[in-house]
2 protein chains.
Amino acid sequence: MAGISDNIERLIRDMLETNGGHVKIVRNELAGRINCVPSQINYVLTTRFTPEQGYFVESKRGGNGGIRITKCRTGTGSEFIRNLIEASGERLSESKAEMLMTALVKNGLISVGESRLVRSSFSDKALVRLDPMDRQVIRSNIFKQVLSCLLAEREI
Amino acid sequence: MAGISDNIERLIRDMLETNGGHVKIVRNELAGRINCVPSQINYVLTTRFTPEQGYFVESKRGGNGGIRITKCRTGTGSEFIRNLIEASGERLSESKAEMLMTALVKNGLISVGESRLVRSSFSDKALVRLDPMDRQVIRSNIFKQVLSCLLAEREI
DNA sequence: AATGATAAGTCAAAGATGGTCAAATGTGTT
DNA sequence: AACACATTTGACCATCTTTGACTTATCATT
């Protein structure tokens, strides 16, 4: 009954479970083991291991590369961050993003220094080469990525 | 687990460490010891021991020649950061940017946590909506913007 | 000078990973 | 049936690493 994706999901969850919430997989190797096409791993990762669901995924290509998956802790702070990720939507203006960063600082989830660096990373200045429309989309992506990284750091 | 390049890198770093930041290697001899082709040494040197990362590499061919690697004293932190800004150019790949961030951490100019956040801000994941070409341009802009922020903090 | 031995440098091809996207297929609802 | 949504697949792309054939520079000896 369970589809291939369900199997992949369960497998990864098990690995995370027995591995302290942190695993590295080699996409093609895993695909071979499960007997599916490699890109199906991506499908599972993008639909079932998202930041909103409390996971942080990184990868590196080329020889000796791989995909790292981290399960984030579910504490009150994490909850707050997850809400921000959901709240930030598809597009994000600089001022809205700044407010969200301020909220993070106020809740002690990020230091003032860190927040300054992150702010500058998605400032209009950094993104000046993009059309204003694109800018907001990219800013939202950056924001979410940084927040999921923050979640991952709060991992056990 | 680590690839050959990682081993070479670690080996050289260790040698530098135990040798006061200064070593001479003989390319073919080292390649033989590590069991790789000689040109792989060049690959490691050009990707992981660049001036931007605080290394100076000289070489001499012919009999009694060799390669000298020196870990540069980086002057003041502000100088180092300014150099990085200049060196980062118009476009920046993710892996190059990561190595520059590592150099910042090693020089105590940014904390590990901060660097993680900044890395994720310009990761391919965060910039995935952009064409690969644009991505590198924007990444360079973000990188410079963050570094300028860092510089500003130090000069207060 | 000329020559041969000894290093290092360059560059492009091959290999090893992962990523993206859209078409095909399946599943459930109206 | 028609539609919407989720899953499965495969062709093609991007990036990082490893390898090797060919080139260039320096030294030591004649």
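Order of the sequence lines sets the chain letters (A, B, ...), proteins ahead of strands, with each chain counted from 1.
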Checklist outcome for this item: Of B:Glu94 and A:Ser5, the one whose nearest nucleotide on DNA chain D sits closer to the 5' end is A:Ser5
Checklist entry - Restricting to pairs with a member in residues 51-92 of chain A, which pass ring pair (Phe, Tyr, Trp, His ring centres under 6.0 Å), not counting sequence neighbours? => result A:Phe49-A:Tyr55
Checklist entry - Thinking salt bridges, do B:Asp124 and B:Arg139 make one under a 4.0 Å N-O criterion? => result yes
Next on the checklist: Can you confirm whether B:Arg91 is buried at CZ, in the sense that more than 12 heavy atoms of other residues, nucleotides or ligands lie under 6.0 Å from that atom?
Outcome noted: no
Item to check | Carboxylate-amine/guanidinium contact B:Glu29 B:Arg33, below 4.0 Å | outcome: yes
Item to check | Test side-chain hydrogen bond (donor to acceptor under 3.5 Å, both in side chains) applied to B:Arg116 - qualifying residues, sequence neighbours left out | outcome: A:Glu153
Item to check | Gap between atoms CD1 and P, on B:Ile67 and D:dA25 respectively (whole Å) | outcome: 16 Å
Checklist entry - Reckon A:Arg48 has a side-chain N or O less than 4.0 Å from the OP1 or OP2 of D:dT7? => result yes
Checklist outcome for this item: Residue pair B:Asp124/B:Arg61 against DNA chain C: nearer the 5' end by closest nucleotide is B:Arg61
Checklist entry - Which part of the nucleic acid, if any, lies within reach of A:Ile8 when heavy atoms closer than 4.0 Å are counted: base, sugar-phosphate only, or nothing? => result nothing
Next on the checklist: Tell me if a side-chain donor or acceptor on B:Ser123 pairs with a main-chain N or O of B:Ala126 at a distance below 3.5 Å.
Outcome noted: yes
Checklist outcome for this item: Under a 4.0 Å heavy-atom cutoff, the residues of residues 27-47 of chain A touching DNA chain C are A:Arg27, A:Asn28, A:Ser39, A:Asn42
Checklist outcome for this item: Sorted by position of nearest nucleotide on DNA chain D, 5' first, the leading residue of B:Gly62 and A:Gly62 is A:Gly62
Checklist entry - A:Lys60 side chain N/O closer than 4.0 Å to the phosphate oxygens (OP1, OP2) of C:dA16? => result no
